[in-house]
Amino acid sequence: MKRRSKENNNKQMFPILKLFRAQTILFLMAAGLYITSCRKHDMPPPSNTGSYDLKLVAGNLVSPVTVAGSPDNTGRLFIVDQIGKVWIVDNQGNTLANPFIDITNKMVSLNPFYDERGLLSMAFHPRFKSNGKFFLFYTAPPRTGGPEPGVDWNNLTRISEYSVSAGNPNVADVASEKIIFEADHPQGNHNGGTIAFGPDGFLYISIGDGGNADDKGPGHVADWYEVNEGGNGQDIKANLLGNILRIDVDKKNESKNYGIPGDNPFAKKQGKDEIYAFGFRNPYRFSFDMGGEHWLYAGDAGQLLYEEIDIVKKGGNYGWNVKEGTHCFNTDNSLEERVSCPSVDPFGNPLIDPVIEINNSRNPKGGSAITIVGGNVYRGKTIPSLEGKYIFGILSESFNPPTGKLLVAKPSNAGLWSYEDLKLKSFPENVGQYVKGFGQDEAGEVYATTSGQIGPQGATGKVYKIVFMPD
């Protein structure tokens, strides 16, 4: 009886075992195909263990501030060096011997020990592949006059259009410069400094509040919030400082070399037509997400207490100098927060809080950044674990020694986003240099730019690609 029962059980189990084996074989086949596919596209399979790291792309630069991929299927990478040069890394990884363009003689003279001016950004026209046009953001020598009697302008923010030379795609035609946009700047800092074409085809420009501390001094007008002195960030009528602007470079009107998009928030009412969003202190680096809903991420440098990353929406008021981060700012003592402040401006616009906030190193509560550096949302194919995450950084934890860091945050639907250090195998503590910018190629891979000098001098500048290194 026992033997017959065992035989019966075996007969009953046999179909189940066959099914289990068949499913196991199918699963292993599918896993094998997936791993093969991942290897084919340089993607680590989910079970892989490894580390993030930085791969050197270019060195011997001075002060690289951003990187851009060439939208013409050539696989080239363009590096913007603050001193006035753009360099090309070809699709074989070689940095070309001669710069793509050199506008050093068009800029203000830079202070080698520290300067926020210079060549700050580059943007390719959406039809660059066919028209060869690109744009540079740089600080030119000031025009005559100044913000008030006896005070001169410090520099001139300039956006210019250039063309690639007819005979060599690796060399720009310097003589082709066409000045598109200019704005007088009262102090040497808070220049903003990013230009980028949005998914709508318009050119976006970030400009800081004019410089100085507290958003006050010559060239800083009074705003609606009388408790705090100054207020270019909150003003939308007197000047274009403290804003992100949006213009149409393919059109021009009677007085300007550009047009105004019809749906700009102040195009048909009081306020400067060019303004897209306002209430910024120094939105040094911003970028558009290549995927998702194509959000505009802007890193806005704080003063002494808080650094922030904002998701910028059309017509949005981002609070400066009423607020610094999510906190009430105090021009009487910028190391002490005010107990309270308005949450909306007189026009009913809410003062929009950042999505990421970091304590400045000088914050009495403790902090970890001398300034924030806006980055990019990862949309590449080689690091699936970073897909959709925002990579950004801090210039350094202190002014000396350089201890820049890369950070990563996952977008959230509400409140401040959490973030963490991007752990790098070769840089376990920090990058060991100042993190000066980020960039992205056409494939969505993200790059970081660094320098061993806080000012534009020497030859310690480097460009790194963020990579995944399997164990």
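One-based numbering along the sequence shown.
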Solution key, residues 193-203 side-chain donor-acceptor pairs under 3.5 Å, sequence neighbours excluded:
residue: T194; atom: OG1; partner: Y284; partner atom: O; Å: 2.7
residue: T194; atom: OG1; partner: R285; partner atom: NE; Å: 3.3
residue: T194; atom: OG1; partner: R285; partner atom: NH2; Å: 3.3
residue: T194; atom: OG1; partner: F286; partner atom: N; Å: 3.4
residue: D200; atom: OD1; partner: F202; partner atom: N; Å: 3.0
residue: D200; atom: OD2; partner: Y204; partner atom: OH; Å: 2.6
residue: D200; atom: OD2; partner: R246; partner atom: NH1; Å: 2.8

List the atom pairs, donor and acceptor, that lie under 3.5 Å between side-chain atoms in residues 212-219 and the rest of the protein, sequence neighbours left out.
residue: N212; atom: ND2; partner: K216; partner atom: O; Å: 2.8
residue: D214; atom: OD1; partner: Q303; partner atom: NE2; Å: 2.7
residue: D214; atom: OD2; partner: K216; partner atom: NZ; Å: 3.4
residue: D215; atom: OD1; partner: H220; partner atom: ND1; Å: 2.7
residue: D215; atom: OD1; partner: N232; partner atom: N; Å: 3.1
residue: D215; atom: OD2; partner: N232; partner atom: N; Å: 2.9
residue: D215; atom: OD2; partner: G233; partner atom: N; Å: 2.9

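Using modelled atom types and a 3.5 Å distance limit, the side chains of W320 and D300 yield no donor-acceptor pair. With hydrogens and angles left out, the side-chain atoms of S385 and Y52 include a donor and acceptor closer than 3.5 Å. Using modelled atom types, one finds a donor on one side chain and an acceptor on the other under 3.5 Å when comparing Y378 with E445. The closest side-chain donor-acceptor pair between S426 and D53 falls under 3.5 angstrom. Residues E336 and N330 have side chains that never bring a donor and an acceptor to within less than 3.5 angstrom of each other. No side-chain donor-acceptor contact under 3.5 Å links N111 and R117.
Salt bridge status for D72 with R127: absent, with no side-chain N to carboxylate O gap under 4.0 Å. Taking 4.0 Å as the cut-off between side-chain N and carboxylate O, R379 and E442 do not count as a salt-bridged pair. Salt bridge annotation for E182-R143: present, with a cationic side-chain nitrogen under 4.0 angstrom from a carboxylate oxygen.
In this structure, I372 CD1 and N282 CG are separated by 12.0 Å, a value rounded to the nearest 0.5 Å. Remark: D235 CG to N321 CG distance equals 11.5 Å, nearest 0.5 Å. Considering CD1 of I275 and NZ of K314, their distance stands at 14.5 Å, rounded to 0.5 Å.
The disulfide bond (SG atoms under 2.5 Å apart) pairs that include a residue from residues 250-308 number zero, where partners must be two or more places apart or lie in different chains. Evaluation of the disulfide bond (SG atoms under 2.5 Å apart) test over residues 181-221, restricted to residues two or more places apart or in two chains, returns none. Under the disulfide bond (SG atoms under 2.5 Å apart) criterion, the residue pairs touching residues 249-341 are C328-C341, with sequence neighbours excluded. The side chain to side chain donor-acceptor pair (under 3.5 Å) pairs that include a residue from residues 356-370 are Y306-K365, E307-N360, T326-E357, H327-E357, E337-K365, N360-R362, where partners are two or more places apart or lie in different chains.
Ring centroid separation for the pair Y297 and F392 does not come in under the 6.0 Å cut-off. With ring centers used as reference points, Y464 lies under 6.0 Å from F427. Taking the six-membered ring wherever Trp is involved, the centroid distance between the rings of Y390 and F438 does not fall below 6.0 Å. In summary, the aromatic rings of F78 and W87 are positioned with their centroids too far apart to meet the 6.0 Å limit.
Distance alone, capped at 3.5 Å, is enough to place a donor-acceptor pair between the H185 side chain and the H190 backbone. With S451 contributing its side chain and S63 its backbone, the two residues share no donor-acceptor pair below 3.5 Å. A side-chain donor-acceptor contact under 3.5 Å links D102 to the backbone of T104. Remark: side-chain polar atoms of S396 are not paired, donor with acceptor, to backbone N or O of P402 under 3.5 angstrom. A donor-acceptor contact shorter than 3.5 Å links the side chain of R281 to the backbone of A301. Of the possible polar contacts, none joining the N243 side chain to the L245 backbone as a donor-acceptor pair under 3.5 Å is found.
What you find for V435 and I394 is that their closest heavy atoms are CB-O, 3.4 Å. Taking each heavy atom of F137 and N191 in turn, the nearest pair found is CZ-O, 3.5 Å. Among all heavy-atom pairs drawn from V344 and W224, the shortest one is O-CH2, 3.9 Å.
Atom NZ of K251 is surrounded by 12 or fewer heavy atoms from other residues, nucleotides or ligands within 6.0 Å.
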